[in-house]
Amino acid sequence: MSAQTGLPPYPNGWFVIGFSDEVRPGRLLARQFMGQEVVVFRTRSGKVCAADAYCPHLGAHFGYGGRVEGEWLRCPFHGFCFDTQGSCVKTGYGTKPPPTARLKLWPLREQNGLLLVYHDGEGAQPTWEVAALETEGWTRPICRAFTLRDHPQETTENSVDIGHFAFVHKYRDVRELCEIQTDGPYLSTAYAVRRAAPLVGRVWRGLSFAFEFETQIYGLGYSLVRLSVPALRLRARLWVLPTPRDEERLTLWLAMSARIPWTGHAGNPLARLPGKALAWLLARLVLMGLAHDAQQDFPIWEHKRYVQPPALAKGDGPIGRYRAWARQFYRQEGQQET
Ligand code: FES
Ligand SMILES: [Fe+2]
């Protein structure tokens, strides 16, 4: 149990362990993931794998001196090599590899520049997927990472907590565009809000834009917010990606990608600017604004306790429905009563 929330600390589902750019061919990185040490490596041919960081031979940590050699991962201690199926293909002595020397691999998907790893409390294989998105015409995701004392169910609840939008983030004219929808591990919501323009809004008071947020949540580790600012014809994608490191802390990644199909739209004041550079700049600006908004939540998230059942009032979002939906991600650990 997480001491802060009383929830099981590691929900089942897809969680980001890193980004494609961090693991180029021949590279390896070590991460704490769900209370375990995990290495992510990419072979020379480009296949990326997530594996337990400890060698099944005598327990060396691959993150400290381990290397990718061609299509194999080589241990720094006695030179045993493992292929991308986890089989030991070579010892450091030229002897027959022991059949018990098997490396545990985690289910991994690489899509939209994200490396997603599936966690299941009982080691079951994934039964659902996160949808891949069209990349043509979108900037590469840029991202920021934060370490927080919190639980992914709590950070993800932020998307349905309509009441705090005005109170914490100072959004105005908050409107629900459609009702919360759930379908197995997927949940979606849509809101419109008015928000001060990022950065310039602080100086140029009163400059604000109507933002529309369409949130698609795939389990407790992956939320995609499709963001649009109709006045600027700006469309962007914001990913909110909380991944538990241990029972208390998570890494919260915010990633942003923009698309600006305004070229040729007469009347748009931004139409004459070079699209790609501007898309990148706007992605930065919007990421800065939304990272600022997320940071307004941090002190509350880090020090709140999980209240179940909560004392809800008119004006709150669909928190009860969200929590009922979230229970499915603990079922295999037998901890569904949240
Ligand atoms: S501990 Fe890895 S080869 Fe011996
Ligand atoms: Fe928030």
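Note that ligands are numbered from 1 as they come in the structure, with each ligand's atoms numbered from 1 the same way. Computed from heavy atoms alone, side chains included, the values below leave out hydrogens, waters and symmetry copies.
- Side-chain contact between F213 and R195 is absent, with no heavy-atom pair separated by less than 4.5 Å.
- Taking a 6.0 Å sphere around OH of Y93, one finds it holds more than 12 heavy atoms contributed by other residues, nucleotides or ligands.
- One of the N, O or S atoms belonging to D297 lies under 2.8 Å away from the Fe ion (ligand 2).
- In this structure, K304 fails the cation-pi test against W301, since its NZ or CZ atom is not both closer than 6.0 Å to the six-membered ring centre and inside 45 degrees of the ring normal.
- At a cut-off of 2.8 Å, Q296 is not counted among the residues with an N, O or S atom near the Fe ion (ligand 2).
- Look at R27 and E22 and you find no salt bridge, because none of the NZ, NE, NH1 or NH2 atoms lies under 4.0 Å from a carboxylate O.
- The distance between the ring centers of H57 and F80 falls below 6.0 angstrom.
- Under the side-chain hydrogen bond (donor to acceptor under 3.5 Å, both in side chains) criterion, the residue pairs touching residues 131-141 are D21-R140, with sequence neighbours excluded.
- For atom 4 (Fe) of ligand 1, the neighbouring protein N/O/S atoms at less than 2.8 Å, given as residue and atom, are H57 ND1, H78 ND1.
- Using a 30° and 60° split on the angle between ring planes, Y222 and Y218 fall in the perpendicular class, above 60°.
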